[in-house]
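Everything below concerns the one structure shown next.
One-based numbering, in listed order, for ligands and for the atoms of each.
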Amino acid sequence: MAKTPQDINIASEYTADQIQVLEGLEAVRRRPGMYIGGVDEAALHHMVYEVVDNAVDEAMAGRCDRIEVIIHKDNSVSVIDNGAGIPVGIQKQTGLPALTVVMTKLHAGGKFGGGGYKVSGGLHGVGVSAVNALSAWFESTVHRDGKIYRQRFERGIPVTGVEVIGKTSKNDTGTHQRFLYDDTIFDPDATYRFETLVQRFREMAFLNRELRIRLVDERPEEPKEMNFYFEGGVSSFVRHLTRNRTVLHDPVHIERTFDTTQVEAAIQYTDGFSESVYAFANTINTPDGGTHLTGLRSAITRCINDYARKQNILKEKDANFSGDDTREGLTAIISVKLVDPQFESQTKVKLLNNEVRNQVESAIAETFGEWLESNPRQAKKIIEKCVTSARARAAARKARDLVIRKSALESMTLPGKLADCSERDPAKAELYIVEGDSAGGSAKQGRDRRFQAVLPLRGKILNVEKARLDKALGNREIQALITALGTGIGDQFNLDNLRYHRVFIMTDADVDGSHIRTLLLTLFFRYMEPLISAGHLYIAQPPLYLIKIGREHHWVYSEADKERLLARYNNKNVSVQRYKGLGEMNPEQLWETTMNPAKRTILQVTIQDAAATDQTFDMLMGGEVAPRRRFINTHANEVRNLDV
Ligand code: 0RA
C-alpha cells in the first residue's frame, strides 16, 4: 500500500514530478511482472542482478573495479562498489538530489551522467527504482566528496532526506546499496540461491576482465564466500567451458575497439561434436544471437576456408566447408560493448545493431586468420576436424533421410510399442515416456487412453553426448521416440509437427531412473531444444513413499514431507512403505499418484542459463568421471527439482 503524503519528509510541498513518482512506484507494486518478470524465485534474483548491473555499468565506464555482494542473515542484500558514487547534488529539473531521483523515478537510470556503456535497455534494464518499489526497505549510502551520505526508502518511498552521516577521505568513493525484498509481494517460498548467484557473477567477471566480484552468503552458520577475477577475460570463460573436454589448442583471444564498440572474443576447438558459442551485448546474454554472433560465425568459416585453400587441403574441385562443418567442437565467446544497444524485444534477446556485424567480423577475421598462419600445427588439427565433420554430416544426412523416408512410408505405422491416445488435437494430448516394459504396462493400463499415450523405452537409450547424430539415429529407442513425437530431429526439427504438447519423462526414483532421465534430457537438449524452450517437456513425479497411519493413506513425494508427516504423528502406529520403482505400483495407484491431471505434481523442464546447462550435460555425460561424481554427490538431494 502507498504511504500517505505525511510520511514523506523530503519536501514540504508536492510537485507534479513527485506525484508522478508515487504513481510510478504504485504501478510497479501493482504489476511487478511487467517490471521484473514475475514474483517467483527468478524475479527475486532479477532484483539483485538489477542492482549489480548498475555497479557493473560503473565498472564498464572505467570508474569501478570492485563489487561486493552480501546476502545477510535477514535476507537483505548489499551491493557495494568503489565507483564514483551516485551523485547527490540537487538536480535543476526536479529540485531533488540526484540520488533520490535515481532511486525513485522509473527509468531514471540512463538519463543523466552522459556517455558510457549502459546495461539498461537490456533484459533487466528496469532501473533500480523498480527494485526499490518492491523492497520493504532500501538504504543507499554514498561515499563522495569526502562525505558519507545516506537515504532510506520504504516500499520505494523516501522516509529520510539525503543525510550526511559522516566524513571520509576525499579519494574514498563508492556506493553501498542495501535492500530487503518485500515478502508480501514475492512467492512465500522464494529464496536466494547461492549457486544461481555464483553462475551469474562468475559470468560477469569473465565479461569484465578488470573487475573483482566477491559474493558472501551470511545466512548459513558457516558463511560462504566466492571471489571472481579473471585476468584472461573471455579466454578464461572459454577455458572454463572446455575444462572437462579435450582441447585441440589454447584459446585464441581477440580484442579490438571501433569508435564506441568494444569487441572481445575467444575461440577454442575441442574434439567434441557439439557447438558451445555464447554471445553477449553489454554483458547481457543474447541467446537468440544477432549481429555479433553472425559476425563471429562468418569470420570463422571464412578464415578456415581461406586457410584450407591456401594450404591446398581443399582442392579446386572441393566445395567449401559449410558453417556447420566449422562449428563442430567449437567453443567460443563473443562479447560486445556498445553505447546504444538495440535489442529485438524485452524477452527474446537478440542484438540488432547492424554496424556490429562488420566490426566483429573484421576484428575476428584479422586475428584468427593471422593465428592460423602462425600456428600451423594447431591449424592443421582444426582443419582435420572440419574434414571429419563434413564427412560425418554427409553420413548423418543419409541416415536421417532413411529414417524420415521410412517413417514417411510407414506414415501411419507409429512405433509398435507406442500405446497412442485417441485424442488427435496435439494441444490436448500427452505422451508418457516410461522406463522399462513393466512400468510401461502399468502406465498403459492406468492412463486415461482418451488423451494419454505411453511409450515404454527398454533399458538405457544411447548417450548422445558421446555419439554423433548418425549413430544416434540408428538407435531403436531414439527412432521410436522421434517417430512418436513426429517432429524430426536436429536441423530438421519442426515443432509444428509435435503430436503431444505435454511430453513427460517418467522414470523410477532411483539411480538408474535418474540416469535414464538425464540421457533423455541430453537428447532433448542437444537435438530438440525448441521443444524444451516452448515448455512442452515435463518430468513426472512418482511418490517415494506410501505412509499408512491407521486407516489413512498418504502418498509422499519427498524426504522432507515424510519427515514432517512422521513428526506430526509422533511415529505412532505408522507404516512406511518405500516405492523404488514405478513397477511396484499397480495401474490404479500409478494413475492416482502420478498421471491423474487433477492430482499429480509435475515439473516443467526449463533452460535458465544455456551455458550452465551445456556445462552440466558435459559433465554428466562427457568422458571425465571425477567431476560427475562430485556433481552427483552435491546434488543428490536436488535431483527431484531438476532445472536444466
Ligand atoms: C550517475 C552518474 C555517475 C555515476 C552514477 C550515476 C552511479 C550509479 C551507480 C549505481 C550503483 N553504483 C553507482 N555508481 C555511480 C557519474 C558520476 C561522476 O562522474 O562523478
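- Taking only nitrogen or oxygen atoms, main chain and side chain alike, N54 does not reach within less than 3.5 Å of ligand 1.
- Using 4.0 Å as the threshold, A84 has a heavy atom nearer than that to some atom of ligand 1.
- With salt bridges taken as basic N to acidic carboxylate O contacts below 4.0 Å, one links R214 and E68.
- For ligand 1, the atoms closer than 4.0 angstrom to any heavy atom of I86 are 7 (C), 8 (C), 9 (C), 10 (C), 13 (C), 15 (C).
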Sequence neighbours left out, cut at 3.5 Å: what donor-acceptor pairs do the side chains of residues 161-170 make with other protein atoms?
from	atom 1	to	atom 2	distance (Å)
T168	OG1	D172	OD2	2.6
S169	OG	N171	OD1	2.9

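- M226 places none of its side-chain heavy atoms less than 4.5 Å from the side chain of F201.
- Contact annotation: for M103 versus ligand 1, there are no heavy atoms closer than 4.0 Å.
- Each of N208, N282, T283 was compared with K337 under the side-chain hydrogen bond (donor to acceptor under 3.5 Å, both in side chains) criterion, and only N208 meets it.
- By the criterion of a heavy-atom distance under 4.0 Å, the side chain of R63, and not its backbone, is placed next to ligand 1.
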Run the side-chain donor-acceptor check on residues 228-239: report pairs under 3.5 Å with partners two or more places apart or on a different chain.
from	atom 1	to	atom 2	distance (Å)
S235	OG	H253	ND1	2.7
S236	OG	G232	N	3.2

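- No N or O atom of Q177 sits closer than 3.5 Å to an N or O atom of ligand 1.
- Judged purely by distance below 3.5 Å, without hydrogens or angles, the side chains of T141 and R150 pair a donor atom with an acceptor atom.
- Neither the backbone nor the side chain of A98 has a heavy atom within less than 4.0 Å of ligand 1.
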